[in-house]
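Scroll down for the structure; my scribbles are underneath it.
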There are 2 protein chains.
Amino acid sequence: MSDEKGVYTYAYPRPAVTTDCVIFGYDIKDGLSVLLVERGLEPYKGCWAFPGGFLKMDETADACARRELEEETSLSLGEESNLLAQLGCFSGVDRDPRGRVITIAYYALVRKAEVRGGDDARAARWFPIQAVPQLAFDHELILRTALKRLKEDIHFKPVGFDLLPATFTMPQLQNLYESILEVHFDRRNFAGKMLKLGILEATGERPAGTPRSIPVSYRFKRDRYREMKAAGFKLEF
Amino acid sequence: MSDEKGVYTYAYPRPAVTTDCVIFGYDIKDGLSVLLVERGLEPYKGCWAFPGGFLKMDETADACARRELEEETSLSLGEESNLLAQLGCFSGVDRDPRGRVITIAYYALVRKAEVRGGDDARAARWFPIQAVPQLAFDHELILRTALKRLKEDIHFKPVGFDLLPATFTMPQLQNLYESILEVHFDRRNFAGKMLKLGILEATGERPAGTPRSIPVSYRFKRDRYREMKAAGFKLEF
DNA sequence: CGGATATGCGTAAAAAATACACAAAAAATT
DNA sequence: AATTTTTTGTGTATTTTTTACGCATATCCG
């Protein structure tokens, strides 16, 4: 490993550089949730924070975020993931008691999966967005920024791809949008718009008996979505 | 100054951290332009690049970007500027021949003003966006990213505030939008939409003789714009 | 069994986007 | 100097999109 402990000297002072990951998940029961780890080391030992850690000299910030996420939560982000996006750099002078540390924050949307603590993280857990505990460092600011960004992104990117199970119903999809945007839609209009986008397909024929009040299952048409993304599409709500 | 040359040692290696500024300007003659400086030092000495430089230990990235911009181009960004936005962190492992250097890129829109080189910059100049020379480091990637971002932002923010002179005509405003988005609009529809937003006001009465083919001058209503921004508005094109 | 609730389907009204024609003044051309 | 071309402002009819809402049926729950 190229990052063995040693002594590194520079002519000018340098900040330490970390990455942090704001990972959103979703299920019907808890609504929108966020993934946190319990810190196993000082500072803020025992406090909850976003998974993340120091940048190594031979990896990009992107790679660092993925690595730290996997080490601390066992969650690995496939290259497929639509939304591993850079959220921004947080560079407040006093944001870390250890000294000058800047962080590059990322955020991603995933299907909620089992997570377990590891490495510097004593534990890893999903928290419903309404029940997030006090956070270490300036992570509350980072969370607010991520939520704001998510609300913007949802207008342009089909977030369901990443947050929902492979097949889902229209009411579920609507519930997802409503819980992120904190608004309510008329269900007929919502379904109409979604279907008109052409990125959904019904997963099975409705049983012959045409039962009505059991929802139809859909899945996303990945190919169709890719086409539309290339052409540049927009979701309006 | 806290950043005197000396020897700074750390237990783990650290990347150097810089900021770079992508500054867009606009005038009728050249259309959209970007501000570059000619590097006075190695590496890439004599090559054109974005103004920027190393982060000091007692300043945020934001402050660093503003400081370096002023030092190298004599351009100072008022706090009023709507669009000094973080563009993202560029962290390619080999992006700087001096070693590991990551940069936090910013971008801003300003009224084109006289600029002069200073500090590490031998010269500073505006380049029309179609005539940008070869750039140092990975600055071509940064420029592409900034242009993409600008095209997105224009849908939500009244970029004219920052790019146009205090008073301007409707054809000028339209020309600005057309040169950023690289499309053409019907002028009646464009004017109609713009006026309906309610953020413009005619600056003077049309002379009594009602001459037709001399454009009406407008100015932005800053107060009205602030209100709308708080309520969250959207420009469609 | 009966009432409350959820789902799908379709339509009428309102709002917005779009395409388009004309007259007058300025600018360019001859 | 006369003529043509370009530029600007104004308004309207048409199409498209968005929004609001009614209804029949099936499930859920006591």
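Owing to the predicted nature of the structure, the values given are computational and were not obtained by experimental measurement. Within every chain, numbering begins at 1; the chains are lettered A, B, ... in the order of the sequence lines, protein sequences first and strands thereafter.
Counting only residues at least two apart or in different chains, salt bridge (Lys or Arg N to Asp or Glu O under 4.0 Å) contacts with residues 125-143 of chain B comprise R95(B)-D138(B).
Atom CZ in F190(B) sits about 16 Å away from atom C1' in dT18(C), given to the nearest Å.
Five base pairs at each end of the helix from dC1(C)-dG30(D) to dT30(C)-dA1(D) define two local axes, and these are offset by 30° (rounded to 10°).
Checked against the 6.0 Å centroid criterion, the rings of F137(B) and F90(B) do not qualify as a close aromatic pair. With ring centers used as reference points, F185(A) lies 6.0 Å or more from Y177(A).
In this view, D62(B) and R66(B) satisfy the side-chain hydrogen bond (donor to acceptor under 3.5 Å, both in side chains) rule, not counting sequence neighbours. F50(B) pairs by the ring pair (Phe, Tyr, Trp, His ring centres under 6.0 Å) definition with H139(B), not counting sequence neighbours.
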Interface polar pairs with nucleotides 15-18 of chain D, N/O, under 3.5 angstrom:
none

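Between T145(A) and L141(A), the closest heavy-atom pair is OG1-O, 2.8 Å. Summarising the geometry of G25(B) relative to W126(B), their closest heavy-atom pair is N-CZ3, 3.4 Å, with the distance given to 0.1 Å.
Near-neighbour residues of DNA chain C inside residues 169-189 of chain B, defined by a heavy atom below 4.0 Å, number-ordered: D186(B), R188(B), N189(B).
In this structure, the side chain of E71(A) does not engage the main chain of G118(A) through any donor-acceptor pair within 3.5 Å.
Here the rule is side chain to side chain contact (heavy atoms under 4.5 Å, CB included) with L109(A), and of I154(A), L150(A), D153(A) only L150(A) fits it.
A salt bridge links K112(B) to D30(B): at least one charged side-chain nitrogen sits closer than 4.0 Å to a carboxylate oxygen.
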